[in-house]
Amino acid sequence: MSTATGESATELVPLAVTLDTEGGACVAGVTAQGRWLRPEPVNAAEVTGADPVYTMHRPVRLDLGPATGGDARPEDRAVRGTPRRAGPLAGPDERAALLAAVADPDVATAFAYGRSAGLVAVRPLRYRRQRSTGGRTFLRLEFTDRTGERFDWIVRDVRLLLNNDLRLPTNGDGDADGRDTGTLLAGPGAPELFAAVGLTHPNHRFPGRFRGCHPLVVGLHPADGSPITPVRPDGPPPYDTSLEGTAGAPGIA
């Protein structure tokens, strides 16, 4: 296995898999050396359906080359050829060990030195369904990292975007507060999660801290390695998968 930017095969374990309604998707994952890479392009068929080639915690083998385009992020790589599955889905113990090994100490570190993807231990405070001005519904997560800094970001994890069985507690106004939570807990007593965090390509509508990019939660992972509710591909998604909630950011993290 290689992490070079040439044509040698690279094995990647996806920790972030997202989707939009324009037929596009995005994947970020880590190599055996703990290096984050983001293969491009990725299409919706590769992250959805009964057995997608890009699945959280299942290794994939890719032939990668240098990214093209003037807005390439440090992790971006061009996919050459067809991605291939490189092994079975990791079990809970293997997942938990990987998450602990590659996690950054906080959000600031995850995005330091120009990086656009990372993994952070977070305390989930509240899941919220929020309707945009266009009438679409987005899932947001309020959380703190281990520094205590608080964040409120859109969640783009493809499993949650497509999952009709996901149960989030509601108090009647669209807020989730930790009661009757199903698979995801939130609130003061909720255990830590590992959140994969990512930045969109820059569109310069978000100047300041994140270098003109929009920050998103692009994968959620229980710290003990247990799975979240599986995807159900049948039926309409409960959350909009368009980019309206990112104020026009071109592409998703």
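Between the side chain of Arg95 and the backbone N or O of Asp224, no donor-acceptor pair lies under 3.5 Å. Under a 3.5 Å cut-off, the side chain of Glu75 and the backbone N or O of Ser116 do form a donor-acceptor pair. A donor-acceptor pair under 3.5 Å is formed between the side chain of Thr200 and the backbone N or O of His214. One N or O on the side chain of His221 and one on the backbone of Leu15 form a donor-acceptor pair closer than 3.5 Å. Side-chain N or O atoms of Asp63 include none that pairs as donor or acceptor with a backbone N or O of Gly81 at under 3.5 Å.
For Asp76 against Ala67, the heavy-atom pair with the smallest separation is O-CB, 3.4 Å. Here the shortest heavy-atom pairing between Ala25 and Val47 reads CB-CG2, 3.7 Å. Between Arg159 and Leu220 the shortest heavy-atom distance is NH2-O, 2.7 Å. In terms of heavy-atom proximity, Ile154 sits nearest to Arg156 at CG2-CD, 3.3 Å. Closest heavy-atom contact between Leu99 and Leu119: O-CD2, 3.5 Å. Pro14 approaches Val17 most closely through the heavy-atom pair CB-CG2, 4.1 Å.
Side-chain atoms of Arg35 and Gln33 include no donor-acceptor pair closer than 3.5 Å.
Rounded to the nearest 0.5 Å, atoms CZ (Arg123) and CG (Asp145) are 11.5 Å apart. For the atom pair CG (Leu62) and CZ (Arg84), the distance works out to 7.0 Å, reported to the nearest 0.5 Å. Note: Leu141 CG to Arg126 CZ = 10.5 Å, rounded to the nearest 0.5 Å. Taking CG of Leu185 as the start and CG of Leu193 as the end, the distance is 8.0 Å to the nearest 0.5 Å. Separating the OG1 atom in Thr82 from the CD atom in Glu46 is a distance of 8.0 Å, to the nearest 0.5 Å. Rounded to the nearest 0.5 Å, atoms OG1 (Thr18) and OH (Tyr54) are 12.0 Å apart.
Val120 and Val102 are not part of a single hydrophobic cluster, where members link through side-chain heavy atoms under 4.5 Å apart. Taken together through direct or relayed side-chain contacts under 4.5 Å among Ile, Leu, Val, Met, Phe, Trp and Tyr, Val79 and Leu19 form part of one hydrophobic cluster. Hydrophobic clustering (side-chain heavy atoms under 4.5 Å, transitive across Ile, Leu, Val, Met, Phe, Trp, Tyr) groups Tyr127 together with Phe151. Hydrophobic clustering (side-chain heavy atoms under 4.5 Å, transitive across Ile, Leu, Val, Met, Phe, Trp, Tyr) groups Val53 together with Leu37. Following chains of ILVMFWY side-chain contacts shorter than 4.5 Å, one cannot reach Val197 starting from Trp36, and the two form parts of different hydrophobic clusters.
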*Which is it for Asp157 and Val218 under the side-chain contact (heavy atoms from CB on, under 4.5 Å) test, yes or no, and what are the steps along the way?*
CA-CA 5 Å; Asp157 186 323; Val218 289; over 6 Å; no
_What verdict does the side-chain contact (heavy atoms from CB on, under 4.5 Å) test give for Arg150 and Leu125, after you've listed the backbone C-alpha separation in whole Å, the side-chain angles of each residue and the deciding distance to 0.1 Å?_
CA-CA 9 Å; Arg150 188 166 181 145; Leu125 302 177; 3.5 Å; yes
*Would you please test Leu98 and Phe194 for side-chain contact (heavy atoms from CB on, under 4.5 Å) and show each step?*
CA-CA 11 Å; Leu98 176 65; Phe194 285 106; over 6 Å; no
*Yes or no on side-chain contact (heavy atoms from CB on, under 4.5 Å) for Arg77 and Thr10, after CA distance, side-chain angles and deciding distance?*
CA-CA 11 Å; Arg77 299 291 185 272; Thr10 298; over 6 Å; no
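Partners of Asp51 according to the salt bridge (charged side-chain N to carboxylate O under 4.0 Å, His left out) rule, which considers only residues two or more places apart in sequence or in another chain, are Arg58, Arg85.
In this structure, Cys26 and Val42 have side chains that are not in contact, with every pair of non-hydrogen atoms separated by 4.5 Å or more.
A salt bridge does not link Asp104 to Arg146: none of the charged side-chain nitrogens sits closer than 4.0 Å to a carboxylate oxygen.
Taking the six-membered ring where tryptophan is involved, the planes of Trp153 and Phe143 are perpendicular, since the angle between them exceeds 60° and thus also 30°.
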